[in-house]
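Reading through the structure tokens given below for one structure.
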Amino acid sequence: MKQVPIVDLHTAAEMVKEGDTLLQGGFGMTGNPVHLMHALAEIGTKNLTFIGNNTGEAGIGGGRLLRNGQIKKMIGSFFTSNPDAVKAAQTGAVDYELLPQGTLAEAIRAGGAGIGGFYTPTSAGTLIATGRETKIIDGEEQVFIKGIRGNVAFIRAWRADTAGNLQYRMTENNFNKAMATAADLVIAEVEEIIPVGEILPEFVHTPGCFVDYLVEAKITLEDLGSSASVSISKKVDESRMNMARRALKELKKGDVVNLGIGIPTLVADLITDEHGIILHTENGMLGVGPVPTDGGGAMDYPVNAGKIPVTALKGSSYFDSADSFAMIRGGHVDIAIMGGLEVDEVADLANWAVPGKPLLGVGGAMDLAKGAKRLIITMTHSNPDGSAKVVPKCVLPLTASGVVDLIITDLAVFSFIEGKLTLIEIMPGSSLEEIRSKTTAHFIEKLN
């Protein structure tokens with residue numbers, strides 16, 4: 001049986017050379033090889049191209065490399081959560097390329113499988129697709145994405161045996177599994193190294209043939225950043241809860257549902273076992289339960305796409321990010337509930353970027369907008385300055401075209417009936433006159 005060398009953090013980090021492309025697993029700080037990243041920060045290797053879902057948090061993980069000026073370019077899905085990444089992009093200190101989260105995961109999987117690239121409907125017609133080759137396939141515009149490979153991959157697993165077989169814990173799988181296949185040199189940071197044979201074959205998530213070196217390093221609460229713990233107290237405006245309650249009415253027993261961040265996450269607090277709804281989170285879990293009530297964090301629980309610790313319901317399952325987005329693009333998610341910045345008369349959605357601000361956080365929005373069987377948007381009816389969000393034509397950068405099925409605001413519920421924006425319900429405390437005055441889009445009325 002293969003024997004994988006076990007090295008210390010410093011030795012492992014020295015294997016990254018100046019100018020390398022570095023793949024880093026993790027979703028936020030969950031499943032993040034933070035000790036390897038910090039060892040690399042101490043060595044100071046520069047001119048790196050960093051590829052990961054996000055660059056850690058301020059001063060943690062990839063964020064420490066950013067502060068050191070070691071990264072020349074970052075390629076990922078959601079950099080907004082790290083203010084240092086935003087500053088680096090705004091000042092031009094670091095080049096960056098933004099990809100939808102599912103596109104990033106699939107590009108890494110393709111690179112690891114020896115596939116040159118693929119076409120996807122995700123991001124078609126948006127700023128993300130600018131300069132990329134497109135093709136009409138089965139009547140739908142699709143964007144070509146090149147496979148991604150790196151010189152070195154830093155990944156994180158829960159356990160490894162001495163043959164390099166890896167086992168991931170809960171939602172710590174995320175990008176790690178695909179990245180383990182997609183680099184010339186793969187270094188796995190693990191919580192525990194055990195004798196070969198002690199991980200049963202059916203529990204091996206990454207076979208040892210992909211792993212070149214092992215490093216043992218224990219995770220602490222400080223390594224988990226904002227996911228270290230969760231507060232069980234939160235105050236929510238009643239109008240936002242009304243939107244969440246109305247969205248819940250659209251869900252039926254057996255539905256697989258993805259909830260976006262913001263107002264959509266409130267729906268999770270309303271779901272009970274009796275509803276029989278299966279919540280999906282794009283970082284790799286089906287069967288998401290409510291937040292833990294004991295204040296525990298990512299040391300003890302899985303995390304959702306908002307990087308918040310959650311519980312797992314009976315029958316839950318875990319998987320990696322590439323499989324998660326295959327579920328989404330493959331039409332296996334029945335309903336997605338997302339926030340919005342604008343929705344227009346032809347069901348176009350804009351919800352990821354505001355002009356004048358760096359485009360640093362698309363996440364999974366484009367994949368979900370295109371892939372979910374039904375899309376519900378929950379949002380306030382107006383912006384803080386009073387301008388409308390239900391508009392004749394979106395002026396903000398598009399997330400996807402013609403995808404919205406239902407809009408729920410604090411004032412109204414709109415559906416698209418036979419392709420026409422239709423007011424079907426007035427929310428509590430609102431009136432038809434107020435809705436008309438605060439909606440610039442043309443709509444018809446079919447009120448009960």
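Residue numbers count from 1 along this sequence.
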Point to revise | Over 12 non-hydrogen atoms of neighbours within 6.0 angstrom of NZ in Lys146 | key: no

**Study point:** Salt bridge Glu198-Arg159, side-chain N to carboxylate O under 4.0 Å
**Key:** no

Revision key, fill the gap. Contacts satisfying ring-ring contact (aromatic ring centres under 6.0 Å, His included) that involve residues 398-424 (not counting sequence neighbours) are Phe414-Phe443

Revision key, fill the gap. Smallest heavy-atom separation, Ala412 atom then Ile435 atom, equals CB-CD1, 3.6 Å

Check your understanding: Quick one: does Glu342's side chain have a donor or acceptor within less than 3.5 Å of a partner on Asn351's backbone?
Key -> no

Review point. Sequence neighbours excluded, which residues qualify as side chain to side chain contact (heavy atoms under 4.5 Å, CB included) partners of His38?
Key: Val34, Ile60, Arg64

Point to revise | Backbone N/O of Val143 and side chain of Glu133: donor-acceptor pair under 3.5 Å | key: no

Revision key, fill the gap. The complete set of ring-ring contact (aromatic ring centres under 6.0 Å, His included) pairs with one or both residues in residues 310-340, sequence neighbours excluded, reads none

Point to revise | Residue pairs involving residues 128-169 (criterion ring-ring contact (aromatic ring centres under 6.0 Å, His included); sequence neighbours excluded) | key: Tyr119-Phe144, Tyr168-His205

Exercise for review: Name all residues meeting the side chain to side chain contact (heavy atoms under 4.5 Å, CB included) criterion together with Lys73; count only those two or more places apart in sequence or in a different chain, and write none if there are none.
Suggested key: Thr49, Ile75, Asp95, Glu97

Check your understanding: Is there side-chain contact between Ile108 and Met179, with heavy atoms separated by less than 4.5 Å?
Key -> yes

Review point. Which residue pairs satisfy the ring-ring contact (aromatic ring centres under 6.0 Å, His included) criterion with at least one member in residues 252-311, sequence neighbours excluded?
Key: none

Check your understanding: Who are the side chain to side chain contact (heavy atoms under 4.5 Å, CB included) partners of Val4, not counting sequence neighbours?
Key -> Lys2, Val211, Leu214

Practice item. Please list, chain by chain and in numerical order, all residues satisfying salt bridge (Lys or Arg N to Asp or Glu O under 4.0 Å) with Asp161, sequence neighbours excluded. Key: none

Practice item. Evaluate the side-chain proximity of Thr206 to Asn165: yes if any heavy-atom separation is below 4.5 Å, no if none is. Key: no

Check your understanding: By salt bridge (Lys or Arg N to Asp or Glu O under 4.0 Å), which residues pair with Glu445, not counting sequence neighbours?
Key -> Arg436

Exercise for review: Taking only Lys NZ, Arg NE, NH1 and NH2, and the carboxylate oxygens of Asp or Glu, determine whether Lys314 and Asp273 approach each other closer than 4.0 Å.
Suggested key: no

Check your understanding: Ala305: what forms a side chain to side chain contact (heavy atoms under 4.5 Å, CB included) with it, not counting sequence neighbours?
Key -> Phe27, Thr281, Glu282, Asn283

Review point. Under 3.5 Å, is there a donor-acceptor pair between the side chain of Ser324 and the main chain of Ser321?
Key: no

Check your understanding: Would you call Asp320-Arg109 a salt bridge at under 4.0 Å N-O?
Key -> no

Review point. For Asp348, what residues pass the salt bridge (Lys or Arg N to Asp or Glu O under 4.0 Å) criterion, not counting sequence neighbours?
Key: Lys393

**Study point:** With Asp255 via salt bridge (Lys or Arg N to Asp or Glu O under 4.0 Å) - residues at least two apart
**Key:** Lys252

Exercise for review: Measure from the side-chain N and O atoms of Thr439 to the backbone N and O of Ala441, and report whether any donor-acceptor pair falls under 3.5 Å.
Suggested key: no

Point to revise | Donor-acceptor pair, side chain of Asp344 and main chain of Cys394, under 3.5 angstrom | key: yes

Practice item. May I ask you to decide whether Lys218 forms a salt bridge with Glu192, counting only side-chain N to carboxylate O separations under 4.0 Å? Key: no

**Study point:** Arg374 with Asp405: basic N within carboxylate O range, under 4.0 Å
**Key:** no

Exercise for review: May I ask you to say whether Arg329 pairs ionically with Glu106, meaning some side-chain N is under 4.0 Å from a carboxylate O?
Suggested key: yes

